[in-house]
Protein chains: 2
Amino acid sequence: MALRPTARTDVNRSAILAHLGAHGPASRAQLARALSLSPALMTQLSKDLLTDGLIRELAHQPSQGGRPARMLGLVASAGRAVGVKIADDHVAVVEVGIDGTVLRTASEPFDPAASTMLAELVDRLRRFIAGGSDTPLLGVGVGVPGDVDAQGTGLVNAPSLGWTNAPIGATLRRELGLPVLVENNVNALAVAERLYGLGRRHDDALIVTIGTGVGAAIVLDGGVVRGSRGGAGEIGHLPVATNGPVCTCGNEGCLETFISESALVRIARERGVIAPAAGISALRAAADAGTTAATEIFSEAGHQLGRALAGLVHVLDPEIIIVLGEGTADWSHWSFGFEPAFRAALMPARRGVPVAVETWQDDSWAQGAAALVLATPFDAEGLAGEQGRLVRQRLVEQAAAPGESA
Amino acid sequence: MALRPTARTDVNRSAILAHLGAHGPASRAQLARALSLSPALMTQLSKDLLTDGLIRELAHQPSQGGRPARMLGLVASAGRAVGVKIADDHVAVVEVGIDGTVLRTASEPFDPAASTMLAELVDRLRRFIAGGSDTPLLGVGVGVPGDVDAQGTGLVNAPSLGWTNAPIGATLRRELGLPVLVENNVNALAVAERLYGLGRRHDDALIVTIGTGVGAAIVLDGGVVRGSRGGAGEIGHLPVATNGPVCTCGNEGCLETFISESALVRIARERGVIAPAAGISALRAAADAGTTAATEIFSEAGHQLGRALAGLVHVLDPEIIIVLGEGTADWSHWSFGFEPAFRAALMPARRGVPVAVETWQDDSWAQGAAALVLATPFDAEGLAGEQGRLVRQRLVEQAAAPGESA
DNA sequence: TATGGTTTGTTTAGTTCTGAATGAAGGGGA
DNA sequence: TCCCCTTCATTCAGAACTAAACAAACCATA
């Protein structure tokens with residue numbers, strides 16, 4: 001493919017801002033190296049950004065053998081973003097600063113199958129946004145448990161929510177008058193992980209979530225893989241056994257039927273480890289208390305996950321596997337089965353692939369969605385399309401004239 | 001002629017040439033759209049290429065509502081490339097024109113485990129190249145059954161050849177004095193498929209080879225995925241059964257233990273379908289003759305492959321699956337088991353993914369390797385690195401001064 | 001304390017590329 | 001036939017970018 005020099009300055013100015021936001025203050029020389037731009041251009045661009053009030057000069061850094069670097073830092077009030085996580089029973093919303101820090105959170109019950117669903121969603125977001133600070137709001141990121149045709153369009157197919165071609169992006173955009181980016185929730189998480197988490201240092205990573213279900217996002221050559229219809233990363237329906245429980249998808253032996261939360265609960269009930277009406281918390285408590293039958297259930301799940309991920313390491317050759325999600329709270333129990341199965345199933349040449357478990361917070365999903373907005377400056381290939389351009393535009397415009405914010 | 005064309009012009013000039021080679025003649029406007037360049041720049045670049053004699057103006061095309069397009073086409077004598085396939089018992093070499101057509105082929109026995117292996121390889125290539133036409137030779141592409149650190153470096157790890165960090169790229173480059181690109185053979189095939197085959201119309205594809213082993217290459221967002229160490233696409237060791245035959249990698253239930261050529265032969269012998277000393281051709285003959293026990297073996301292999309590929313469709317969300325390799329000759333037998341297993345294992349939303357079986361020729365592997373050289377112009381991200389730059393340079397220089405001294 | 005080396009940042013001159021206006025060449029309807 | 005529309009291609013002013021030289025600030029070492 002040829003280079004896309006369209007709107008280069010726009011992309012480069014934003015890339016500087018994003019880099020400062022993601023990696024903290026940096027010198028002009030560091031930025032030039034990181035973004036593959038000439039020092040000459042960095043001088044020019046940083047001058048513009050300084051006069052626009054988007055960045056400012058910080059203290060000098062001690063010399064590293066030559067002239068000491070004058071650091072550049074973001075002006076924190078330059079912008080903020082709103083992230084939305086849509087689940088099958090609630091909506092979580094967060095407001096994050098341009099540097100990725102969470103400023104405000106909210107969570108409310110929500111019925112995605114209701115006919116008034118879209119109006120309700122708009123209403124909730126309007127109220128949340130109204131309560132925010134007065135720094136420019138750059139846009140809204142939405143994470144959904146399903147396939148999204150394109151981030152900028154935001155047409156969602158999510159069987160678990162009962163959605164078929166739900167026009168989330170277009171509707172929110174029209175009603176809120178803001179740039180809106182919609183993406184699969186695991187992919188959004190991967191974007192956040194790449195900006196702020198461990199993925200920052202890895203251009204090829206496999207990001208796996210465990211919780212109510214199991215999901216994955218694929219980072220290759222620094223970008224999150226979407227696939228032809230935005231559906232890449234669906235590892236829950238990898239066949240891992242020739243005969244096994246019947247999955248919701250109609251098949252036997254899907255990975256999900258062994259390791260999803262409901263699968264663990266089902267197994268625990270069958271084996272009498274927990275009461276017929278008890279749930280995952282009972283199983284977790286039993287395992288934490290050292291009940292062998294309970295820890296075995298987690299360990300077996302870890303075993304299945306380990307084998308499946310080893311297969312994916314062979315297919316994708318990532319540098320690292322990063323595990324996230326509500327289920328990571330029980331990782332100590334999973335790892336008993338995971339580690340031996342994973343390592344044994346790997347070819348010798350791949351046996352060194354590290355597996356990292358990131359700390360998980362309640363609002364991580366929504367934070368990931370917000371990262372969609374804050375990541376747009378990196379989006380040179382136009383993954384976010386027109387909406388990404390609008391986000392960049394708002395960042396530059398509103399900072400230049402901070403008076404009328406929507 | 002331009003005084004000092006920088007990297008970007010170089011890339012764009014080459015992108016034009018590659019597009020013409022891959023997709024046939026095109027108008028300036030079409031090229032501008034395809035390569036995301038402005039029409040203004042296309043005018044400039046095509047003028048340069050015309051005066052350099054690399055392209056020429058063809059006939060007008062009938063109007064499509066406006067001014068008719070004046071088509072531009074490659075000058076066929078602008079260059080050629082050599083492709084090398086290295087297998088565990090022989091080496092195949094082809095010479096292809098800039099438009100991808102095979103001009104000449106050769107195949108000789110070869111022992112990759114011999115200590116004189118590199119010298120032998122150089123010798124064979126020297127002799128082959130000496131017999132070629134006098135159009136400029138742009139470079140040599142090498143396909144190997146193993147992991148390659150980077151196309152331009154060409155450090156190969158190939159257990160099946162007994163190679164550990166074999167410096168194929170550096171050695172050939174030094175000895176031949178030509179740009180050399182080394183890549184995993186399935187990845188090279190994917191590059192060719194993307195340039196000349198069905199993959200031309202698909203930015204996200206899964207390319208699967210069946211034959212002595214089973215392999216895959218992943219095309220995402222238009223590019224062939226290499227993974228962190230050039231090892232992506234290894235699907236032979238996906239775990240597909242909880243207990244099964246022990247694989248050469250030491251595990252149980254790898255896909256390869258069910259569907260590789262040696263696995264089929266082993267099963268056929270166990271079941272008495274073929275004689276204990278007979279091989280794959282005997283099994284094939286039996287199946288072609290309609291022997292149920294033989295067709296069943298293929299059908300079972302198809303079943304396993306179908307389930308595994310369905311899993312990968314969920315993970316990668318390709319637009320299409322393309323099947324290649326020596327084994328495609330028996331596809332009619334495979335498909336009995338493949339189709340139902342594949343379709344059934346897919347989630348409803350993905351059930352429409354087409355599976356295409358491409359015609360296979362003996363020299364397809366080597367042709368794929370040659371495509372590495374001819375594809376370098378597309379290589380904006382520098383996958384081929386310095387060697388790619390050299391290929392482009394040769395293309396421009398040699399065409400600018402054909403025959404004369406430079 | 002000079003001297004040379006290193007890293008950072010700026011300036012200058014010149015190239016590459018885009019946007020917008022314009023010309024070129026044809027189709028189709030009243 | 002004339003007029004408007006579409007698509008293809010070129011021209012030109014100016015923006016974006018780079019390379020290369022230079023200036024600034026600091027360290028190390030003799």
Side-chain angles (χ1 to χ4, degrees), chain A residues 1-16 25-52 55-73 377 380 382 389 392-393 396, chain B residues 1-16 19-20 25-52 55-73 380 382 389 392 396:
Chain A
M1 298 291 153
L3 298 177
R4 273 199 53 130
T6 325
R8 263 173 300 181
T9 299
D10 188 30
V11 167
N12 284 340
R13 284 171 60 115
S14 312
I16 293 170
S27 70
R28 290 169 177 83
Q30 284 169 354
L31 285 169
R33 282 191 297 267
L35 304 176
S36 297
L37 299 174
S38 63
L41 183 57
M42 268 312 302
T43 293
Q44 198 56 43
L45 293 176
S46 57
K47 196 187 292 174
D48 292 352
L49 290 171
L50 280 167
T51 58
D52 280 358
I55 63 174
R56 58 179 179 173
E57 291 196 319
L58 306 177
H60 288 252
Q61 246 200 350
S63 162
Q64 288 170 343
R67 174 174 172 175
R70 181 170 292 168
M71 305 301 278
L72 301 174
R389 204 185 56 72
R392 290 194 283 269
Q393 192 178 320
V396 174
Chain B
M1 54 188 89
L3 292 178
R4 201 181 304 168
T6 65
R8 174 164 289 134
T9 303
D10 189 29
V11 167
N12 284 340
R13 286 169 59 113
S14 310
I16 294 171
H19 191 274
L20 293 177
S27 70
R28 291 170 177 80
Q30 285 169 350
L31 285 168
R33 283 192 296 268
L35 303 177
S36 297
L37 298 172
S38 65
L41 184 57
M42 268 311 303
T43 292
Q44 198 57 43
L45 294 176
S46 58
K47 194 187 293 175
D48 291 353
L49 290 171
L50 280 167
T51 58
D52 282 357
I55 63 174
R56 56 175 186 187
E57 290 196 318
L58 307 176
H60 289 251
Q61 248 201 347
S63 163
Q64 289 171 342
R67 171 173 174 176
R70 180 170 293 170
M71 305 302 278
L72 301 174
R389 202 185 59 70
R392 290 194 282 269
V396 174

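In what follows, chains are A, B, ... by sequence order, proteins preceding strands, each numbered from 1.
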Below 3.5 Å between N/O atoms, which protein atoms pair up with nucleotides 3-11 of chain C? Just atom names and distances, please.
residue : atom : partner : partner atom : Å
C:dG5   : N2   : A:Gly65 : O            : 3.3
C:dT6   : O2   : A:Gly65 : O            : 3.0
C:dT7   : O2   : A:Arg67 : N            : 2.6
C:dT8   : OP2  : A:Arg33 : NH1          : 3.1
C:dT8   : O4'  : A:Arg67 : O            : 3.3
C:dT8   : O2   : A:Arg67 : NH1          : 3.0
C:dG9   : OP1  : A:Arg70 : N            : 2.7
C:dG9   : OP1  : A:Arg70 : O            : 3.2
C:dG9   : OP2  : A:Arg28 : N            : 3.3
C:dG9   : OP2  : A:Ala29 : N            : 3.0
C:dT10  : OP2  : A:Arg28 : NE           : 3.3
C:dT10  : OP2  : A:Thr43 : OG1          : 3.0

Could you check how far [atom1] of [X] sits from [atom2] of [N], rounded to whole Å?
X       : N      : atom1 : atom2 : result
A:Leu45 : D:dT18 : CG    : P     : 9 Å
A:His60 : D:dC26 : NE2   : C1'   : 12 Å
B:Gln61 : C:dA24 : CD    : P     : 22 Å
B:Leu35 : C:dT16 : CG    : P     : 18 Å
B:Asp48 : D:dT10 : CG    : C1'   : 14 Å
B:Leu37 : D:dT10 : CG    : C1'   : 16 Å

Applying side chain to side chain contact (heavy atoms under 4.5 Å, CB included), can you list everything that pairs with B:Arg67, at least two apart in sequence or on another chain?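 B:Arg67: no side chain to side chain contact (heavy atoms under 4.5 Å, CB included) contacts found.
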List the residues meeting side chain to side chain contact (heavy atoms under 4.5 Å, CB included) with A:Ala32, not counting sequence neighbours, and say none if there are none.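 Testing A:Ala32 for side chain to side chain contact (heavy atoms under 4.5 Å, CB included), a comparison that skips the adjacent residues, returns A:Met42.
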Can you see if the side chain of A:Ser63 gets near the phosphate of D:dC26 - specifically, an N or O under 4.0 Å from OP1 or OP2?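 No.
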For residues 36-47 of chain A, which residue pairs qualify under side chain to side chain donor-acceptor pair (under 3.5 Å), counting only residues two or more places apart or in two chains?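 Counting only pairs at least two positions apart or across chains, the side chain to side chain donor-acceptor pair (under 3.5 Å) contacts touching residues 36-47 of chain A are A:Arg28-A:Ser46.
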Can you give me the closest heavy-atom contact between A:Pro68 and A:Pro62, atom names plus distance?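 Smallest heavy-atom distance, with atoms named: CB-C, 4.5 Å.
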Minimum side-chain heavy-atom gap B:Leu20-B:Ile55 below 4.5 Å: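 Side chain of B:Leu20 against side chain of B:Ile55, heavy atoms only: contact under 4.5 Å found.
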Counterpart residues, salt bridge (charged side-chain N to carboxylate O under 4.0 Å, His left out), relative to B:Arg70 (two or more places apart):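 B:Arg70: salt bridge (charged side-chain N to carboxylate O under 4.0 Å, His left out) contacts with B:Glu57.
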